[in-house]
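Computation of the quantities below employed the complete heavy-atom set of this structure, encompassing side-chain atoms and omitting hydrogens, waters and symmetry-equivalent molecules. A note on names: the letters A, B, ... follow the listed sequences, proteins ahead of strands, and every chain is numbered from 1.
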Amino acid sequence: MKYAKVTATAAAGALLFVSTGAQANGEKPDYTAMTPEALAEYLIFEANGIKLDQKTQEGATVKERQMRDELQTICSGGTRATLAGDDLAKVASLGRAGIVKPEGGVKLGDWKKGQELARSGFGFRVGHNNDDHSTREPGGNCYACHQLDPKEIAYGTLGPSLMNYGKLRGNSQAIIDYTYDVVYSPHSFFPCTHMPRFGANGVLTQQQIADVLAYLIDPASPVNQ
Amino acid sequence: MLNKRTFLIPLCLMMAGASAAGDYRPPEDVLAELIEKSGSLYLTQSEQNLMMMADNPASWTVEEGEALFHEPRGPNNVSLEGCDFGKGPGVLDGAYVEMPRYFADTGRVMDLETRLVHCMTTLQGFADDDPAVKSRHGSNSDMMRLQSYIGSKSSGYPWNPPLDHPLETAMRDAGKVLFNRRAGPMDFSCATCHSESGKRIRASVLPNINSPEEWTKAISWPAYRVGHQHVRSSQHRVRGCYWQMRQGQSVAGSDASIALISYWTDAARGQPAILPDMKR
C-alpha cells in the first residue's frame with residue numbers, strides 16, 4: 001500500500017531533477033549546475049550510489065525503498081526546531097491520516113510477546129546478511145531508544161524513558177488509544193520525530209502493536225514493577 | 001567512569017612536544033588531548049580501547065602498508081611513489097586530511113580509497129578485478145594496508161578538505177542532503193543518530209556531527225574495530241550505517257559515497273585526525 005504511494009511521489013521528484021541539469025543521453029551532468037537536493041537524488045538513483053535492484057523483504061526492490069513519501073521528504077529538510085509551522089502541521093496531518101485502528105477498538109495484547117518485540121532489532125536489513133522474515137519476525141527495537149524495564153541496563157536514550165509508563169499514566173482507554181497512535185504513527189503528535197512509524201510503515205502488525213502496548217501499560221508487565 | 005591515570009603518560013608526552021598544527025602526532029596523544037578538552041562521553045566510552053590505543057593492532061597494518069607502498073608492483077612493476085594524493089606525487093604527510101578533493105587528471109572529487117584504486121589501476125596497471133584492488137575489507141587486504149599507512153601519515157593534522165573547486169562544494173553540499181535524507185521502513189537518516197551529543201543507541205554512545213571534537217574520532221578511519229577484529233575504512237563505515245538504517249547497500253567509490261564523506265570530513269574541519277584509530 002504505502003510503497004505504491006511512495007513510488008508516485010518519488011517519480012515526480014525524479015522528473016524534477018532530470019530537468020534541472022541531468023542529461024538524458026547518459027553523459028554525466030554538470031553537478032555544479034544542480035541544487036544540492038537534485039544532485040543528491042541524482043547520485044542515489046542515476047549514478048549507482050546505492051544498489052537499487054536488490055530485493056527487499058516487503059517484496060519490492062531497494063529502489064522503491066530509497067524513494068520517499070511526502071512526510072519523509074519534509075522531515076529530511078529540518079527538525080521540529082527548524083522547520084516552518086506549515087510544514088510541521090502538514091506532517092502532523094499526514095501522520096494522523098496514516099493511522100488505521102483495529103476493528104472493535106484498541107485492546108492490550110500479551111506483554112510477554114511485547115517484551116520480545118521491544119528487545120528485538122531484527123528485520124528489514126538488506127545488502128549483505130539480509131534479514132529473512134520467513135525465519136523470524138521483525139522486532140520493534142524499542143530498547144534502541146527507550147528505557148523500559150528498570151532491570152534492563154542496555155537501553156538507548158534517543159527517546160524519553162518509558163519506565164513505569166503504565167504505573168504513571170494508568171490504563172484508561174484514552175491512554176491505550178494515545179499510545180497506539182504514537183507507536184503506529186508518532187508524527188501525529190510529534191511531527192518529524194526520530195521515532196519510526198511502526199504501524200504506518202508496516203514494520204509491526206496491529207496485533208504486535210497491541211502486545212507492545214501491553215508491555216508498556218499492563219500492570220503485570222516488568223516495565224511497571 | 002574514566003580513569004584519569006590512563007592519560008597521564010600520553011599527556012606528559014604531549015606537553016613535552018607541544019606541537020604546532022600540521023605536525024604528525026601519535027593517535028593516542030591526539031585522542032588524549034581531545035578528551036582533556038571536551039570530556040565527551042562518546043570519546044571516553046570505552047576505557048578498554050583507550051588503554052589499548054598505544055598497542056593498536058592497526059599499527060601492524062600500517063607497517064605492512066608502508067612496505068607495500070614503496071614496493072614495485074602490478075603489471076607495470078612500479079611503486080605508488082608516483083601517485084598524487086593531492087599534494088604532489090608520493091607526498092603523504094598531511095595528504096589524507098585534505099581529502100576528498102578534486103583531481104584535475106580525472107575531473108572528479110575523490111576520496112582516499114577511490115584515489116588509491118585509480119593509481120593502482122592506472123599507474124601500476126592492476127585490473128579492476130585483481131584481488132589487490134577488489135578485496136577491500138580486511139586487515140589482510142592490500143587496500144586496508146595501504147589506506148592505513150597513508151592515513152597514518154596525517155595523524156595529528158587538522159582535517160582540512162579543500163573547497164576551492166566548485167565540484168568540491170557541490171559534493172559537500174549534496175553530502176549534507178544525503179546525511180539528512182530520511183527513507184526506508186524506519187524513516188531513518190544519518191542525522192537521526194548523529195545530531196546530538198551524549199545520546200545512546202542501546203549501550204553505544206553516538207558521535208554528534210555538530211561537535212567537531214567528537215566527529216573527528218567518528219571519521220578517523222582506517223580504524224581497528226575491536227568487535228570485527230579487522231581494520232576498516234570510511235567506505236566500510238558508510239556501508240554499515242546504510243545497512244543499520246535498513247536502506248540499500250551503498251556502492252564504494254560512487255559519487256554518493258564520496259559526497260557523504262566530503263560532508264562528514266568538512267564537519268570535523270580544524271580538529272586533529274586520530275590515525276589509525278580504534279573503535280568498538
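Among the candidates B:Arg239, B:Arg172, B:Gln244, the residue making the largest number of heavy-atom pairs closer than 4.5 Å to chain A is B:Arg239. For the set B:Lys199, B:Arg246, B:Met245, B:Met171, the entry with the most heavy-atom pairs within less than 4.5 Å of chain A is B:Arg246. Counting heavy-atom pairs under 4.5 Å between each of A:Gly159, A:Cys75, A:Gly78 and chain B puts A:Cys75 at the top. In terms of heavy-atom pairs under 4.5 Å with chain A, the best-connected choice from B:Arg182, B:Met186, B:Gln249 is B:Arg182. Between chain B and the options A:Ser76, A:Gly127, A:Ala40, A:Gly123, heavy-atom pairs under 4.5 Å are most frequent for A:Ser76. For the set B:Gly248, B:Ala203, B:Ala259, B:Ala191, the count of heavy-atom pairs under 4.5 angstrom toward chain A peaks at B:Gly248. With chain B as partner, the option from A:Leu71, A:Thr193, A:Thr79 having the largest number of non-hydrogen pairs under 4.5 angstrom is A:Thr193. With chain A as partner, the option from B:Ile258, B:Leu206, B:Leu178 having the largest number of non-hydrogen pairs under 4.5 angstrom is B:Leu178. Between chain A and the residues B:Asn180, B:Thr169, B:Thr192, the most heavy-atom pairs under 4.5 angstrom are made by B:Thr192.
Contact annotation for A:Glu152: only side-chain heavy atoms (C-beta onward) come within less than 4.5 Å of a heavy atom of chain B. Within the 4.5 angstrom heavy-atom criterion, only side-chain atoms of A:Val203, from C-beta onward, approach chain B. Contact annotation for A:Asp131: neither backbone nor side-chain heavy atoms come within less than 4.5 Å of a heavy atom of chain B. With a threshold of 4.5 angstrom between heavy atoms, A:Gln54 approaches chain B through side-chain atoms but not through N, CA, C or O. Within the 4.5 angstrom heavy-atom criterion, no atom of B:Phe179 approaches chain A. Looking at A:Thr56, neither its backbone nor its side chain comes within 4.5 Å of chain B, counting heavy atoms on both sides. In this structure, no portion of B:Ser257 lies under 4.5 Å from any heavy atom of chain A. Proximity to chain B (any heavy atom under 4.5 Å) is shown, for A:His128, by both the backbone and the side chain.
Using a cutoff of 4.0 Å between basic side-chain nitrogens and carboxylate oxygens, A:Lys90 and A:Asp87 are not scored as salt-bridged. Between B:Asp173 and B:Lys176 there is no salt bridge, since no side-chain nitrogen of the basic residue lies less than 4.0 Å from a carboxylate oxygen of the acidic one. Contact check on A:Asp211 versus A:Lys112 returns no salt bridge, with no Lys/Arg side-chain nitrogen under 4.0 Å from an Asp/Glu carboxylate oxygen.
A ring-centre distance under 6.0 Å is not found for B:Phe188 and A:His194.
A perpendicular orientation is assigned to the rings of B:His194 and B:Trp215, their planes being inclined by more than 60° (bins at 30° and 60°). Between A:Tyr31 and A:Tyr42, the ring-plane angle classifies as perpendicular under the 30° and 60° cut-offs.
A donor-acceptor pair is defined here as one N or O able to donate and one able to accept, closer than 3.5 Å; such a pair exists between the side chain of A:Ser221 and the backbone of A:Tyr215. The backbone N or O of B:Tyr102 sits nowhere less than 3.5 Å from a side-chain atom of B:Arg108 that would complete a donor-acceptor pair. A:Gln66 places no side-chain N or O within 3.5 Å of a backbone atom of A:Val62 that could act as its donor or acceptor partner. B:Gln45 contributes a side-chain N or O that, together with a main-chain N or O of B:Val205, makes up a donor-acceptor pair within less than 3.5 Å.
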Quick one: do B:Cys119 and B:Cys83 satisfy disulfide bond (SG atoms under 2.5 Å apart)? Show the steps, please.
-> CA-CA 6 Å; B:Cys119 287; B:Cys83 181; 2.0 Å; yes
